[in-house]
Amino acid sequence: MARGALFIAIEGPNGVGKSTASTLLAERLRAGGMRVHVTSEPSDTPLGRLVRTGEAGLVGRALALAVAADRYHHMDTEIVPALMDGLTVISDRYVQSSLVLQRIDGLEIEEIWQYNAHVLRPSLSCYLHHTAQELAQRLAQRTRRSRLERVGSPQRELDLYQDAYQFLLARHWPQALVNCQEVSPDRVAAELALLVARTAQRQEGAR
Ligand SMILES: Nc1ncnc2c1ncn2[C@@H]1O[C@H](COP(=O)(O)OP(=O)(O)OP(=O)(O)O)[C@@H](O)[C@H]1O
Ligand SMILES: Cc1cn([C@H]2C[C@H](O)[C@@H](COP(=O)(O)O)O2)c(=O)[nH]c1=O
């Protein structure tokens, strides 16, 4: 990773505002002079697109392994090269998503962790939190829902995100929780930008 480059994961339940926050955070960081690359998982590659479009029929361990394979490929071909080039990378979904979504699909957390054992640890994984009621309202407005959105529920996702947060904390994964209740998209992005600035300071201090 080049000096000053950071790898930021944006995580949280379906509809919490990950994509919105990733875009607005990138705008803020760029306005402050940072070079930023925004990406998402499943990745925008043939394998990532296959995972996204095939999720209805790709179930359980097969989906978990396909998602992990996509993550390693994403890391090797997009994330690490961007970091080496000095860019800060923001990924809309990363490992915490797997620790939740693949559990909804029937896997144990330890097995999912094993599939992700060799991924790049982010500089910071930001977990966006909201209420089950608000998430349910947002999902109800969607015309199409993925299989995992239909099988799971906002409350189950929230419970599993809490579990995943604790699981990652115990493994010294750098994390922050951002409460999005009654917080505008701009304020969420501002809080994330502050967390990124603190992470940059910590990383610089550790050199
Ligand atoms: N802080 C916020 N306050 C109010 N509405 C928000 C906020 N952030 C996002 N939204 C709205 O919530 C909806 C879902 O946002 P978004 O698509 O960014 O979520 P997501 O977490 O990326 O969803 P998914 O996981 O399903 O891809 C959008 O209509 C968006 O405009
Ligand atoms: C990163 C990740 C993704 N998935 C699956 C679940 C959904 O079908 C999509 C994500 O789509 P969204 O638009 O971001 O909501 O990919 C998964 O099962 N596990 C993962 O770790």
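The analysis underlying the following values was restricted to heavy atoms, covering all of them including side chains, and did not include hydrogens, waters or symmetry mates.
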Find out whether His172 and Arg121 are in side-chain contact, i.e. whether some heavy atom of one side chain is under 4.5 Å from a heavy atom of the other. yes

Leu160 side chain near Leu99 side chain, heavy-atom distance below 4.5 Å: no

Sidechain-backbone polar pair: Glu11 side chain, Tyr94 backbone, donor-acceptor under 3.5 Å: yes

If we only count heavy atoms from C-beta on, is the Arg3 to Glu204 side-chain gap below 4.5 Å? yes

Might you point out which heavy atoms bring Thr77 and His73 nearest each other, and give the distance in Å? OG1-O, 2.7 Å

Are there more than 12 heavy atoms of other residues, nucleotides or ligands under 6.0 Å from atom CD of Glu182? no

According to ring-ring contact (aromatic ring centres under 6.0 Å, His included), does anything in residues 27-58 pair up with another residue at least two apart or in another chain? List the pairs. none

Does Arg93 reach the main-chain N or O of Glu41 with its side chain, forming a donor-acceptor pair under 3.5 Å? no

Can you confirm whether Asp105 sits close enough to Val59 that some side-chain heavy atom of one is under 4.5 Å from a side-chain heavy atom of the other? yes

Would you say the side-chain atoms of Lys18 pair up with the backbone N or O of Ser91, donor to acceptor, closer than 3.5 Å? no

Could you walk me through whether Tyr161 and Glu157 pass the side chain to side chain donor-acceptor pair (under 3.5 Å) test, one step at a time? CA-CA 6 Å; Tyr161 267 103; Glu157 265 194 87; 4.7 Å; no

Could you report the tightest heavy-atom contact between Ala193 and Arg28, atom names first, then the distance? CB-CD, 4.1 Å

Taking the side chain from Asp70 and the backbone from Ser43, do they hold a donor-acceptor pair closer than 3.5 Å? yes

Does Met1 share a hydrophobic cluster with Ile90, counting links as ILVMFWY side-chain heavy atoms below 4.5 Å and allowing steps through other members? no

Expected output: side-chain Glu55 to main-chain Leu148 donor-acceptor under 3.5 Å: yes

Would you kindly confirm whether Val188 and Val16 end up in one hydrophobic cluster when ILVMFWY residues are joined by side chain heavy atoms under 4.5 Å apart? yes

Between Glu110 and Arg171, does a salt bridge (Lys or Arg N to Asp or Glu O under 4.0 Å) hold up when you go through it step by step? CA-CA 12 Å; Glu110 282 291 352; Arg171 282 151 189 82; 3.4 Å; yes

Between Glu191 and Arg198, does any NZ, NE, NH1 or NH2 come within less than 4.0 Å of an OD or OE carboxylate oxygen? no

Are Ser98 and Arg71 close enough that some pair of their side-chain heavy atoms sits under 4.5 Å apart? yes

State, yes or no, whether a side-chain contact exists between Thr45 and His74 at a heavy-atom distance under 4.5 Å. no

Kindly give the heavy-atom pair with the smallest separation between Gly48 and Pro42, and that separation in Å. O-CB, 3.4 Å

Quick check: do Gln96 and Trp173 have side-chain heavy atoms less than 4.5 Å from each other? no

Side-chain contact, heavy-atom cut-off 4.5 Å: Thr39 with Asp44? no

